[in-house]
Amino acid sequence: MTSVHADVGEVLIDQEVLRTRVEELGAEISADYEGRDLLLVGVLKGAIFFISDLMRELTVPCEIDFMAISSYGAGTDSSGVVRILKDLEINISGRDVLVVEDIIDSGLTLSYLRRTLGARKPASLEICALLTKPERREVEVPVRYVGFEIPNRFVIGYGLDFAERYRNLPYIGVLHPDLVPNGI
Ligand code: IMP
Ligand code: MG
């Protein structure tokens, strides 16, 4: 039997640490949005587990919607080309919107998303990212909530993929060095 776990070189953030941090973020967001009605916007596909765990920690009334944005294709480096593959179903005009993203790398995806959603006149627009790699930033994006700052390594698991695989790992890890292609 082959296991996806065998392809992991190192676990960076285990399940328990993830759970605790998501609880903390949920409490912080619930306090900040007290008395308001929140719209969570998940960025597909990487944010699926994070947004579903985070949403269950929120105590304020909230709704959920999703967007899909093209980013890296099957490779690991940002092309800089950002395109909407699936748009929101809910009208965000006048809404308190919190974009939930898996990871901020160059910042290109979120900076594009921020401009696009901002043009639709939400009452407020904030970003919550589970992970950030500050060393890789090419454009500055104001991020209100961050789960963890991580070093410049390509990570997989808890929704994050390498060529669409490994999203099902319940922790954040790095690929085994033998499996890392040249260039990452
Ligand atoms: P950015 O536009 O460069 O900030 O890239 C953001 C997107 O790239 C994220 O939403 C991820 O889908 C993907 N990405 C960036 N770094 C990683 C990584 O280490 N593992 C998996 N996906 C990543
Ligand atoms: Mg991705």
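One-based numbering, in listed order, for ligands and for the atoms of each.
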Quiz item: So, for Val146 and Leu25, which heavy atoms are closest and what is the spacing to 0.1 Å?
Solution: O-CD2, 4.0 Å
Quiz prompt | Residue part near ligand 1, for Arg153, under 4.0 Å between non-hydrogen atoms | solution = backbone
Self-check item: Sub-4.0 Å atoms of ligand 1 with respect to non-hydrogen atoms of Leu108
Solution: 2 (O), 4 (O)
Practice problem: Of the side chain and backbone of Ile103, name the one, both, or neither that has a heavy atom under 4.0 Å from an atom of ligand 1. | Solution: both
Quiz prompt | The one among Asp102, Val82, Ile156 that brings a heavy atom closest to atom 12 (O) of ligand 1 | solution = Asp102
Quiz item: How are the rings of Phe154 and Phe162 set to each other: parallel, tilted or perpendicular (split at 30° and 60°)?
Solution: perpendicular
Practice problem: Compute the centroid of each ring, for Tyr166 and then for His5, and state whether the two points are separated by less than 6.0 Å. | Solution: no
Self-check item: Under 3.5 Å: N/O of Leu160 near N/O of ligand 1
Solution: no
Exercise. Please could you name the atoms of ligand 1 that Glu101 approaches to less than 4.0 Å, counting only its heavy atoms?
Key: 10 (O)
Quiz item: What are the atoms of ligand 1, with element, lying closer than 4.0 Å to any heavy atom of Lys133?
Solution: 16 (N), 17 (C), 18 (C), 19 (O)
Quiz item: From Ile51 CD1 over to Leu130 CG, what is the distance, rounded to the nearest 0.5 angstrom?
Solution: 12.0 Å
Self-check item: Sub-4.0 Å atoms of ligand 1 with respect to non-hydrogen atoms of Asp161
Solution: 21 (C)
Quiz item: Nearest heavy-atom pair of Asp96 and Ser124: which atoms, and what distance?
Solution: OD1-OG, 2.6 Å
Practice problem: Enumerate the atoms of ligand 1 whose separation from the nearest heavy atom of Thr109 is less than 4.0 angstrom. | Solution: 1 (P), 2 (O), 5 (O), 6 (C)
Practice problem: Check whether any N or O atom of Gly107, backbone or side chain, sits under 3.5 Å from an N or O atom of ligand 1, and answer yes or no. | Solution: yes
Quiz item: Could you state the interatomic distance from CG (Leu85) to NZ (Lys45), rounded to the nearest 0.5 Å?
Solution: 9.5 Å
Quiz item: Would you say the side-chain atoms of Tyr158 and Asp53 include a donor-acceptor pair closer than 3.5 Å?
Solution: yes
